[in-house]
Protein chains: 2
Amino acid sequence: MADVIPMPDEACEVRMVDPERVEATRAELLSGDEASELAERFKLLSDPGRLRMIYALLEAGELCVCDLAATVAASESATSHQLRQLRLAGLVRSTKRGRTVYYRVDDTHVRLLLDVAVEHYLHDHEVRV
Amino acid sequence: MADVIPMPDEACEVRMVDPERVEATRAELLSGDEASELAERFKLLSDPGRLRMIYALLEAGELCVCDLAATVAASESATSHQLRQLRLAGLVRSTKRGRTVYYRVDDTHVRLLLDVAVEHYLHDHEVRV
DNA sequence: TGTAAATATGAGTTGTTGTTCATACGTCGT
DNA sequence: ACGACGTATGAACAACAACTCATATTTACA
């Protein structure tokens, strides 16, 4: 889905069963920008490798690139590319000490988001009541 | 990132600065399957259009395909394709009444996940103190 | 029964994403 | 200053994801 197309003011070709509910729901709906911003955040969490990296950083507190790569069993280059994305998104922060660069999670909300997801999507199925 | 490559037991070519921390973190890390399962969930939320659809369904409770399409300003075909994904993932459920099909969210956890994300990533920036 | 409505699906196309490989950059030790 | 190390980055490529268009399916109604 490219991006949100503005709704034509006068519905020209749009079929609707319940126009009132549509209008009411549209009023409460996320704007295109809001949806895009949220989606971008979720997209960062939508790759297994990135997810493991974030998780590893949350666990370890701080890791250099090569250690993180070893931890999640990825190449250093791939790891660096992913970290760049996360850094540009403000999800992680890097500190250079000597020639090694240490990364840490720099987003207060990710931990909660991950905890909620892990709790509901993993424990529910495995620890099962 | 394709999928998780198993870590070689004997680190052959892997540089590490702090092997102990790596090993400790690996012990606490998500497995490849767990990471993939979580990532797949987040991926469903990583598209602005899908996000708006889910949000609309949460708001409206129940919507038929054409009304949902009108609500999020997408084509009915695109909407149907997205709903198929969500349905296969068990995130929404469909009910056929006559010739129209009504969809509703069928995942207890999505609402919480979305609420957390909206709260932290939207309100924080806009309502800003 | 035939036609239109509401949705589903498949094929084809295009844009995006993650990886590898090669290479560049900054830093340490000698 | 030079070579090795740790990391970053760019290009090329392959896999994937989302859209449109065309067509199929099911139901309602005349």
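To find a chain, count down the sequence lines: A is the first, B the second, and so on, and within it residues start at 1.
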CG of Leu88(A) versus C1' of dT17(C): gap in Å, rounded? 15 Å

Tyr103(A) vs dG6(D): side-chain N/O to OP1/OP2 distance below 4.0 Å: no

Has Gln85(A) got more than 12 heavy atoms of other residues, nucleotides or ligands less than 6.0 Å from its CD? yes

Let me know the distance between CD of Gln85(A) and P of dG10(D), rounded to the nearest Å. 14 Å

Given atom OH of Tyr102(A) and atom C1' of dA8(D), what is their separation to the nearest angstrom? 17 Å

Tabulated below should be each protein N or O lying under 3.5 Å from an N or O of nucleotides 21-30 of chain D; please produce it.
| residue | atom | partner | partner atom | Å |
| --- | --- | --- | --- | --- |
| dC21(D) | N4 | Ser77(B) | OG | 2.9 |

Step by step, work out the side-chain hydrogen bond (donor to acceptor under 3.5 Å, both in side chains) result for Asp67(B) and Tyr102(B). CA-CA 9 Å; Asp67(B) 281 359; Tyr102(B) 292 88; over 6 Å; no

Could you check how far CG of Leu68(A) sits from C1' of dA8(D), rounded to whole Å? 15 Å

Would a distance-only check, ignoring hydrogens and angles, find a side-chain to backbone donor-acceptor pair under 3.5 Å from Arg104(B) to Val92(B)? no

From CG of Asp18(B) across to P of dC5(D) the rounded distance in Å is 19 Å

At under 4.0 Å, does any side-chain N or O of Lys43(A) touch on OP1 or OP2 of dT17(C)? yes

Side chain of Arg41(B), backbone of Ala89(B): donor and acceptor closer than 3.5 Å? yes

Arg84(B) side-chain N/O to dT9(C) phosphate OP1/OP2 under 4.0 Å: yes

Which whole-number value in Å describes the distance from Leu63(B) CG to dT7(C) C1'? 15 Å

Rounded distance (Å) that lies between atom P of dA8(C) and atom CG of Leu83(B): 7 Å

Would you tell me if any nitrogen or oxygen in the side chain of Ser80(B) comes within less than 4.0 Å of OP1 or OP2 on dT7(C)? no

Please determine whether a side-chain nitrogen or oxygen atom of Arg15(A) lies at a distance below 4.0 Å from atom OP1 or OP2 of dA5(C). no

Nearest-neighbour nucleotide for the Thr100(A) side chain, dG6(D), dA8(D), dA5(C) considered: dG6(D)

Among dT7(C), dA8(D), dT17(C), which is the nearest nucleotide to the side chain of Val101(B)? dT7(C)

Show every salt bridge (Lys or Arg N to Asp or Glu O under 4.0 Å) that has at least one partner inside residues 79-95 of chain A, sequence neighbours left out. Arg93(A)-Asp106(A)

Is any side-chain N or O of Arg87(A) closer than 4.0 Å to OP1 or OP2 of dT9(D)? yes

Look at the side chain of Arg50(A) and the backbone N and O of Leu45(A), then say whether any donor-acceptor pair between them is shorter than 3.5 Å. no

Round to the nearest Å and state the distance from Met53(B) atom CE to dA17(D) atom P. 16 Å

For the pair His120(B) and His109(A), name the ring-plane relationship: parallel under 30°, tilted 30 to 60°, perpendicular over 60°. parallel

